[in-house]
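Everything numeric here is computed off the predicted structure, so don't read it as measured data. To find a chain, count down the sequence lines: A is the first, B the second, and so on, and within it residues start at 1.
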2 protein chains.
Amino acid sequence: MAGTGVGAEEAPRTDGKDTKEVILDAAERLFAERSYASVSLRELTAAAGVNLAAVNYHFGSKDALLLAVFRRGAVTLNKERARLLREAEARAGDQPPPVREIVEALVGPAIRASLTGTALSLYNQFYTLARAGGPPELREMLEKDVGHLQRFVTALTRALPHLPAEEVYWRLHLSLGVQHGSSNDLGRLATLSGGLCQVTDRDALVRRVVDYVTAGLTAPFDP
Amino acid sequence: MAGTGVGAEEAPRTDGKDTKEVILDAAERLFAERSYASVSLRELTAAAGVNLAAVNYHFGSKDALLLAVFRRGAVTLNKERARLLREAEARAGDQPPPVREIVEALVGPAIRASLTGTALSLYNQFYTLARAGGPPELREMLEKDVGHLQRFVTALTRALPHLPAEEVYWRLHLSLGVQHGSSNDLGRLATLSGGLCQVTDRDALVRRVVDYVTAGLTAPFDP
DNA sequence: GTCTATAGAGAGATAGAC
DNA sequence: GTCTATCTCTCTATAGAC
């Protein structure tokens, strides 16, 4: 892992991951487990099995590494969301897809990923922490980057034509809150329920969240 | 503000707040705006207008200060929640209160506070950040401290007798996620909606969240 | 591309005068 | 109870050998 100095530039490692990826994986995990500010590059590079100087060599700075982690996760996540939404729309033909299927495309990928060993597995927690504790550059990016949500606004507006635009935006906002919140505080939930509520089944959790969100989105509206 | 050395122990200041409170206020604000780890004691004491050494004198350590901020906010918040729930229960007599009123008691105080200048105004954000970025001691405390939620479990179980216990816990968990999420990412919501969605009215926001959460809690259940 | 060594800044905590 | 001065530690970032 610690490199040999052998091989050409960008040569793949024996384990199939180059140093950049190894660093990104470790950063995603550690930033998700604790906050960005509380993880040092020393700790991070040790966990990744690379040299301390490698982060600055490959990314330029700790801040730039954070942005890279974020970008990688966001791209993967939003591709998957878009794919699921496209499939739902194809199934529905000319009609808008059922709200339930739109919701599944919106919240499913992040929740499912948070319970697997994929690259996305920690992206949800990472997002929460980075948004709050990260550098201003990232916070601004998160505030401005809404392109990936536009297609969901469109889909929900078509599926819920009786709602004013403002209401659609608000309900979408709250729904994203449910998605983020669903994987936080699971320890507290286990304590509160005396161990009754444990996440054993990925799809069961997604179903719960989708049920809840669908109910919130389709709630009656009286101004 | 910077103290005069005059006066007896615990003497109130001219502005009515002693040093301890001034520090707690500044800490709550700064920890909420950025993360715990990224705010230095130097910055914090400067913002509070007290001496650098004051934090260690009054609280013992930076970690202990964080716990004190958390405790103060949690006590205030949960007293208010409990009061509202008690009132709703009194109004309902022998019957369980309407779900809507239980929800109002659960999520109202934190959201309302997040838009005022009270001591609680930043507690919501503070909670999110501290949970993730704070010291392990705090994280453990958050996981174990569920006493304040028990009365809400009881109330919801009575109001939603057709739901299995497990389902009640899960829906309560997701509802708390909505509450936390409602005040995050408001900048993104404004961007996404082209400025259409702004929080101008405290009560209007609470009403939106209560509507949404009530729908989620009362959604039909099919196992 | 990887590594060691270190510069330089900034952190939390404390001793001791007032 | 407040303040200055400072100790000690750790951090990010980089220069330069390999």
### Query
Where the side chain of A:Ala53 is defined as all heavy atoms beyond and including C-beta, which of C:dA11, D:dT14, D:dA13 is the nearest nucleotide?
D:dT14
### Task
Would you mind reading off the distance between A:Leu52 atom CG and D:dT14 atom C1', rounded to a whole angstrom?
10 Å
### Task
Round to the nearest Å and state the distance from B:Tyr57 atom OH to C:dA15 atom P.
14 Å
### Query
Does a nitrogen or oxygen in the side chain of A:Asn51 sit under 4.0 Å from OP1 or OP2 of C:dG1?
no
### Query
Are the charged groups of A:Arg151 and A:Glu89 less than 4.0 angstrom apart, N to O?
no
### Interatomic distance where CG belongs to A:Asn56 and C1' belongs to D:dT14 [whole Å]
8 Å
### Task
For B:Val206 and B:Gly108, work out which heavy atoms get closest and say how close.
CG1-CA, 4.2 Å
### Query
Has B:Glu140 got more than 12 heavy atoms of other residues, nucleotides or ligands less than 6.0 Å from its CD?
no
## Note on the structure
To the nearest 0.5 Å, atom CZ of B:Phe152 lies from atom OG1 of B:Thr157 at 12.5 Å
#### Entry: Length of the line joining A:Glu43:CD and D:dT10:C1', which is rounded to integer Å
12 Å
### Query
Roughly, in whole Å, what's the span from NE2 in B:His58 to C1' in C:dT14?
15 Å
### Task
Taking only the side-chain nitrogens and oxygens of A:Thr19, find out if one of them lies under 4.0 Å from OP1 or OP2 of C:dT2.
yes
### Message
With a 3.5 Å cut-off and heavy atoms only, can you find an N or O donor on one side and an acceptor on the other between the side chain of B:Arg42 and the base of C:dG10?
### Response
no
### Message
Whole angstroms only, please: what is the CG-P distance between B:Leu66 and C:dA13?
### Response
12 Å
### Atom pair distance, as rounded to whole Å: CG in B:Leu65 and P in C:dG12
11 Å
### Interatomic distance where NZ belongs to B:Lys62 and P belongs to D:dT10 [whole Å]
15 Å
### Message
With a cut-off of less than 4.0 Å, is there a side-chain N or O of B:Ser40 near OP1 or OP2 of C:dG10?
### Response
no
